[in-house]
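One structure is given here, and the rest of the page talks about it.
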There are 2 protein chains.
Amino acid sequence: MKWSELAGQPCPIARALSVFGDRWTLLVLRDCFLGVRRFDEFRERLGLPRAVLTERLRLLADEGVLDRVAYQQGPERHEYRLTAKGRDLYPVLLAIAGWSDRHMAGEAGPPLRHRHARCGQDFHAEMRCSECGEPLDPREVEVRPGAGFADPRARRQRPAGG
Amino acid sequence: MKWSELAGQPCPIARALSVFGDRWTLLVLRDCFLGVRRFDEFRERLGLPRAVLTERLRLLADEGVLDRVAYQQGPERHEYRLTAKGRDLYPVLLAIAGWSDRHMAGEAGPPLRHRHARCGQDFHAEMRCSECGEPLDPREVEVRPGAGFADPRARRQRPAGG
DNA sequence: CGAAGTAAGTTCAAAAAATGAACCGAGTCA
DNA sequence: TGACTCGGTTCATTTTTTGAACTTACTTCG
């Protein structure tokens, strides 16, 4: 399967990975949630090549995950801010962090603590069924084709090179 | 930053991405949750090169996400099954699917429906605070260094080429 | 004034990774 | 015997990533 075909697959995970399923994008988004907005700050924190960062930021902006907004004229410069669509990726990052804290931490425990300002506690994220509120077990989930399974409009392909 | 350094970063997301932060691994894991266990079935469903699949399955087994178990002697052949660690990745996939259904579906709606056998409803996954049960807003989360922040044992590097 | 610095890129050669096709090995099936 | 199966390996080609140098339009320092 070519990477450019991913976006057109009738699988939500494949579609999502066409946006952030590479080696850098989720780290870029992590930094977005930590307040990073500018090109060079991403670059310094992540240590990725400029050309790669340029391309990833462009893709995220094209996909509506980040907003590219000018913050000065003269030499026009832009910063990158999470859109609502981008902010909705927070559960993805929390789910990843939760798994990692549970399974990849060393002897001393997880490297970071997450504190929920609303309740004041250190927490981890819990995934629950939107309908009954119970935790979700993979063996209790059935997957079936939905309304958009064969939607030709969704089967668009990203322009070559994107 | 080199890819091999990711696993040693004091960030749970970076560590997790050292395991599945590439173009194929989450799709392999998706198929695992759909019951796929054998090399050729992964290969046919995903259409990825054999060498890449070989390497990814080996990494997932090395990391304890999949179990490589012989299912026949003669020519010894193995299948790959999710371990408990692997099953714990379900929230990650559900979070991704939930985001995608919300933001990447076409006019006709999401391509797949997820039904929770326990309650009988079509659902989406919800991420909540483990302590107070409220939905999590990124602006209400504070991140601070934790016990394992400087843990040298966790800062191991993956052997070169692995 | 000129020199150095800054931020956000672009360009380009070299290295690494992915791709796709062919091949392999131990056994089964007809 | 010859074709087929499954789970790989090998290898030449293509694509992607990397890292370093360069660019552009300013601003600040001396």
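As the structure is a computational prediction, the values presented were derived from the model and not from experiment. Below, chain A is the first sequence line, B the second, and so on; all start at residue 1.
Between E44(B) and A51(B), it is E44(B) whose nearest contact on DNA chain D lies nearer the 5' terminus.
Closest approach to the P75(A) side chain among dC26(D), dA8(C), dG27(C) is made by dC26(D) (side chain taken as heavy atoms from C-beta onward). With dA22(C), dT6(C), dT17(D) as the candidates, the nucleotide lying closest to the side chain of R56(A) is dT17(D). When the nucleotides dT19(C), dA8(C), dG7(D) are ranked by their closest atom to the side chain of F39(A), dA8(C) comes out on top. Each of dA18(C), dT10(C), dA8(C) was ranked by its minimum atom distance to the side chain of E55(B); first place goes to dA18(C). Nearest nucleotide to the side chain of R58(B), out of dT9(D), dG9(C), dA7(C): dT9(D).
Among the protein residues, Y71(B) comes within range of the sugar-phosphate backbone only, with heavy atoms under 4.0 Å from sugar or phosphate atoms but none that close to a base. Looking at heavy-atom distances under 4.0 Å, R23(B) makes contact with sugar-phosphate atoms alone, never a base. Nucleic acid contact class of R38(A) (heavy atoms, under 4.0 Å, all strands): sugar-phosphate only.
Taking side-chain N and O atoms only, W24(A) has a distance below 4.0 Å to OP1 or OP2 of dT18(D). Dashed line: the shortest gap from a side-chain N or O of Y80(A) to OP1 or OP2 of dG9(C) is under 4.0 Å. Distances shown here put a side-chain N or O of R68(B) below 4.0 Å from the OP1 or OP2 atom of dG8(D).
Whole-Å rounding puts the L46(A) CG to dG19(D) P distance at 13 Å.
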